[in-house]
Structure formats: structure tokens, C-alpha cells
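Taking it in order: structure first as C-alpha cells, then the write-up.
Please read all numbers here as calculations on a predicted model, not as lab measurements. A note on names: the letters A, B, ... follow the listed sequences, proteins ahead of strands, and every chain is numbered from 1.
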Amino acid sequence: MPLGYVLWTTAELGRAEAVDFLWRPRIGELLWNTTRLLVAGVVTSVVVGVAGAWVVERTDVPGRGWWHGLLCAPLAVPAFVNGFGWVSTTHAVQSFPGAVMVVTLSYYPLVYLPTVAALRRLDPAVEEVATALGKGPWQVFLRVTLPAISPAVLGGALLVGLHLLAEYGALQLLNYPTLTTAILQQYATVFNGPSATLLALVLVTFCLLLLGLELLLRGRRPRSRVGAGTSRQVTRVRLGRRRPLVLAGLAGLAIWALGVPLGALVRWLVRGTSTGIEGGELVSALGNTLLLAVLAGAVTTAAAVPVVWLAVRHRGWVTTAIERSVYTASAMPGIVIALALVTVSIRVVPDLYQTLALLLVGYLILFLPRAVVSVRGTFELVPPGLEEVARSLGCSGPEVARRVTLPLVVPGLSAGAALVALAVSTELTATLLLAPLGTETLATRFWSDASSIAYGAAAPYALALIVLSVPSTWLLARLSIRSR
Amino acid sequence: MNNRLVRTGLRPLLGVAALTLVAPLLAACGSDEPTLVIYNAQHEPLLKELAPEFTKETGIEVELRNGKDLEMSNQIIAEGKASPADVFLTENSPAMSQVEAAGLFDELPNDILDVIPEQYRPHSGLWTGFVARSTVLVYNTDQVQESQLPASLLDLAKPEWQGRISFSPTGADFQAIVAAVLELEGEEATKAWLEGIKANGKVYDGNNLVLEAVNSGEVEVGIVYHYYWERDRKENGDVSDHSAQHYFTGGDPGAFVSVSGAGVLKSSDMKSEAREFVKFLVDRKGQQILADSYALEYPLNPEVQLEGVTQQFSQLQPPQVNVSDLDAKKVVDLLEEVGFL
């Protein structure tokens, strides 16, 4: 639907006008900014994420569990809070290198997590054979390990890329204009003019290119093998004299990624000069955030059930297409989906405009894939045989679902709901556009204070967001190192 | 036997589902009293001070939807007759003119209009100004001497200012200044000026950021309105202790005074309450609240004076521009052409 909307409004505009608009100097600047941030941000995130994962998983670095936790922890700090921490510390980050640094610090865990998981599951025998054949650790890594974990790394890189394309808050604070920040500016000056949707079209094209590129790079080489190998400890690379250097690197990364934003938050909390902390507003924003998160989590997970059920139990090209389209929609940034919903609701269903229901629909489109992934995980573990037995004992279809299937998938459902709830609580762009009259969440409150440089007033909201994000980050960190 | 398991497994889910259905209903029936809906593009804290006083005085509940000038004007136009808005408040007048041109404002009675001097409201009587802000050039006092400052805002487009100026072209504040330049100098000259300052300037998103950049010495001067600097000076001086304000004189486009507007929408189903609100806004009491607030904008009711700012309202030397003549649409077109948007 959002894609259709973007294409439709563009068609409405007429070709000449569209070409005119796209041929402006500003577009060139935005494309250049977006492209170089995308390339540099993804590359640095991959380097930092893979290096971190390799050190934690494959070397004898002391305190591996602690480092794993610390390297995952930046996930709990939303990118715009991180940007706030840096900008309120030094204005030097309001530049291209600064922007690359801040987004890398926020997003490298998206590469780190799958890479750690892949390294865990990789049969150490392969690497041992290579070592036995006389290859040094570097050669083993480049020629054996890296190719084997490349799907995980690529998947992580794709996630970083999609996040970068959709990122608004952090880049706006860093004064680094991209397609996404420009769309929100267009929205603020001309509401939902055709120019905003044209920019959205360019952005969607970027997303699709990224998805295609990932498919292409992943290739069709078979990677599966029979048997997972014996599960035993890998021989870790001895760091020896390089140990202090590696430890310093890890500590530096942790301080850089966590110390600066958290330090800035604490500093502003202590000073709190801007307006002082208003407890009432904080509590009401917290309440709204929790309510939206719980509702969206429930609705989205409920919607994921039929999608997963069709995809798992009734495999066919139609059901596969439905499942795929869910992922494609989520590749679009929140701003595009919100713009589509605003326009469609004003023209077609004005009663829905500016209601909680519409906001929930927006969240549903954005975050359905997260729910689908976790629900699917548990659903596939339910043996169809159990359902067949129930049916043969005289249970009707709905009764089978209620008495057999559902109880077995409840853990997956709650994990899905939790993931969606977390994404909702830090969502900014769609919430800014779609939230009903007077609804303020932690993210929007933080945003209105931070963007008018009332740093002291913004800090409590940022802290509340981090506190809300900690449990899911912990969950993800645990899941990534769960052994086979 | 299995029932127990099913029930305990299902209960939380059912609870959540019930909540999902009930919550929107709860949100819809908050109170029986109809509430006045204000689309507010004025600074949010200002209305948070004013609205409770209005409610205390009249018993009319007020709900705010906050946004930016042109976002909200375009939104009101898109919503048309279905708009939930009763009153529209802006920071600057171009967005008001836009809604006026779309024919969506209801006429205001004379007891509201007569309070505000004629030059600060449109001839049509379809809306009124209620506070005003003066354009200024803030400059870093360590880097620039007062004697080196330009005589006219238009001079900033000259090559000698290369790399030394800053402004926030995405905001309604700057767009109002451009609208004034457009009205005074014509389209060609305005475009040339915009191209000049684009070549010379650094762009920020927000006047507070401009102020901060000038104060920290990142850039020498910035185009903003007077109250950003005044406000910070009053609060703590964090971003104003290395800078000062330069007021343009003699009717220069840089001395432009921009007016914040208020109007009642035709689509409103609470027109008399909406008028009451606008009346409160321009009358002595409301204007005094505005003058005493953190906002430091100039009240337009002559009975109320703004104290404690470097320049009194009567000392300003603004150019003669009628508020109805400022053209928001043309300004956005120009900004897009030049590449700011």
C-alpha cells in the first residue's frame, strides 16, 4: 500500500514536473550525502562488528562474557540519543566524519550480534584443518572463517544500511542532511506536497537497491552441510603480547560508544538548567509510550500469527509472496509509511485521521517482520503430527488451534510482542506524523526538547528510553550466544 | 485436563486483546465537555502558560496540537471542512495568509480587531496579529567589531561575507524574512540575494542552533529574531555570553518585524468559544501573560509593554510591509529553486 501510494502520487504529478524537481542541485547534494554515509557507515560498522565478534569468540581475551555484554549494550541507546550525547559534548561531530562515527557506534551491534552467533555455530574443525595445513591466523580468518560467516555479516550489513536510510533524529541533530531528513523538512514546510513523496520514491529506490545488492552478494553457493560437527571448544588464538593492545581497543570502543552518550546524559541531568525536570510530563509521556508499545505489540503479534501459519503450514507461491511483501514494506522508512497513511486517511477515511487506530496501523506495517520472525521460530517447532493427532481424536480446526497449537507457541508470541514493543517505544518519525492530538511519547518529548537545544530538559526522557530498552538488549545478547 | 493449560496460556492474550478494543473508546470519551482544539505553531511552552489561564477564566477546556507554521497551514487546507481545528495560531504571518487565501477563516468581530493596531492585522479582518518579533543579526563579539557589521541585511550576500554567516532556511522564521525581502525588493533581487547568502552561509536546522554556533565562534554572524538571544540571556547566558545583537535601521528589510497570527476557522463547531479565546489572547490580561512569560515577544496591544529587553518596541524601525501581502507559496518555490529545500 505505501509503495502504491508513492507511485500513484508521483504519477499524478506529471513527468515534466517530476523531472524538474529531481533535477535540482539540492537533490544532487542529498543523494551524495546519503550515498557516502551509507557506504562509509556500513563499511565501518562491518569492520568494527566483525573485529569485535572475532576477538570475543576466537581469541583468549580475558573477560569474554563481560566484553560481549558491553559490545551489545549500545543497542539499548537509541541512535538519536547517541547523537544528542555527542552533539551536546562537541560540535565537531556535525560533519561527515562525525556522522559516520556516531552512526557506526549506534549500529555496529547489528553486525556484531549475527556474526557472534555465526562464529558460535561454525564447526571449529574447518578452521583447525586450515591451521594444520600451515595457514596463519590471518589467512585462516580471511579464507576460511570469513566466507563461512559471510551470510550473517551480509545480513547485519543490510540491517545497518536500512537503518541508516531511515535514520532521522541522529542525523538531524548532527546537522547532516540526507533524503530522510529532507523529507521531514518538506513535510514541515508543505505538509504532504508532491515533492516529499518524490523524495520518498528516491529513498524507496535506495532501499530496494540495497535489498537486491544483498541478494546478489549472498549468491547461490550452497553453505549447508550434513551434521553440525562435534560441539566442543574452539582452539582460541593466543593474543600473547598483543593482549594489552586488544584490551585497550575493546575498552576504547566501549567508552566511545557508551561513555560519551551516558556521560553527557548524566551531566545534563545534574545541571538540568533548561527548564528543570517536570515529573508530571515525564510520567504522562512514559505512560503513553508504554500504552502504545503494549497495544502495538499485541496487535502486531496477533497479525503475525496468520501470516506465519500460512507460510509454515500451507506453503505455496501465494503465501510466500505474502510473507515476502511483509519484509519489503518494512524496508521502507517510517516516514514514507506515515506519509502514505496521512494522505490516504485524509482522502479516503477522514474519520481515521489522527486516531490511535491509524498510528497502530503504521506500527503494524513497520514492525510486522520482527513479530513474524520470532513467531515463526517457535511455530516451526510444533510438529504437525500433534495437530493431526488432535484432529483424528475429533477436535475441530479452531479447537486444535486453541487447545494444541496456541499453548505451544505462546513463548514465541510474547518474544515477538516484546520486540515490537521496544521498537515502538523508540520510534520517532512515524509517531511524529501520525500520533493523535496531544499524544506525547518519550521519543517525541525528547525530540522537541533536544531539537530546541534544551539539553537539560531532554535528558530525563532519553534516560527513560534507555532504561526501557535494556531488557530487550539483554535478551538479544543472550540469544546470540545460546549454543546450538 | 488440557483446559487448564489453555486457559492460563490464553488469559494474558485475551486481556491484551480486550485492552486493544477498549482503549480507543476510552480515549474518545475523555470528558463530556467539548474541548476547543487549537492548532498551535507558536512556541509550545508559551501556550502552556496561557491556555490554563484561559480555562480558569472561562471554563472552556483547551487541547493543543503542536506543529510548525506551514506544516499546520497545509494540514488545515488538506483537512478542509473536516478539520478538527477551531483556532489556528502561528509564529509568523505567511502561513496565516495561506489559510486566508484558501478561504478557511471566519471573520473576527470588531471588539477583537480594534485592540490591535491596523498595520499588524490584514485589511480583510479574517485574522489578527497578537505578538511580534524583530529580525536581528547576532554576532560573535570576539570575532566581529560592531563597526564591521553590514548596514543592510542584503549586504550579507556580498562576497566579503563568504563563510561567515549562518541561518535556518527550513524554519518559518527565516521564511517570513524572505517573504518580506520578496515583498520589498521583488523576485529577481530576492533570488539573487538567496543565491548570495547560500554561497556565503552555513545552514542549521533551527534558530537555537544558529545562536549556539555564533556564540561558540563556529560562525561569525547569524540571522535570527531578537528573542532567541534575549531569552538565553535571561535564563543562563549559556549560548549568548560571547555574542550580541545588531538591529538594522531605517526600514531596511533586515529590520522587518514579523507578526504571529491568530484566527478562527470556518469549519469550527465552537466558533463563539474560539472567538473568546482569540479575544483573551489580544486583551490586556492575555497580553500581559504573554509579556511576562519566557517568550519575550513584543505584545501588540499598545496597553501592554515588554520589559527587560535591549530594544523597546517603539525604538524599532521596521519597513512598511502589509501582513496580508507576504506570499508563503512563492517563498517556498524560491527556496526550492535556490536549493535550500
Please list every donor-acceptor pair under 3.5 Å in which a side-chain atom of residues 333-341 of chain B meets a protein atom from a residue at least two apart or in another chain.
from	atom 1	to	atom 2	distance (Å)
B/D333	OD1	B/K329	NZ	3.3
B/E336	OE2	A/Q186	NE2	3.2
B/E337	OE1	B/K191	NZ	3.0

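For A/Y168 and A/W447, the ring centers are positioned less than 6.0 Å apart.
By number of non-hydrogen pairs under 4.5 angstrom with chain B, the leading residue of A/E29, A/Q172, A/Q94 is A/Q172.
For A/L433, the part sitting under 4.5 Å from any heavy atom of chain B is the backbone (N, CA, C, O) and nothing else. Using a 4.5 Å cut-off between heavy atoms, B/K81 does not touch chain A at all.
Take B/D292 and apply the side chain to side chain contact (heavy atoms under 4.5 Å, CB included) test, not counting sequence neighbours, and it matches B/Q288.
Checked options B/D269, B/L265, B/I38; the residue passing with B/D86 is B/D269 (criterion: side-chain contact (heavy atoms from CB on, under 4.5 Å)).
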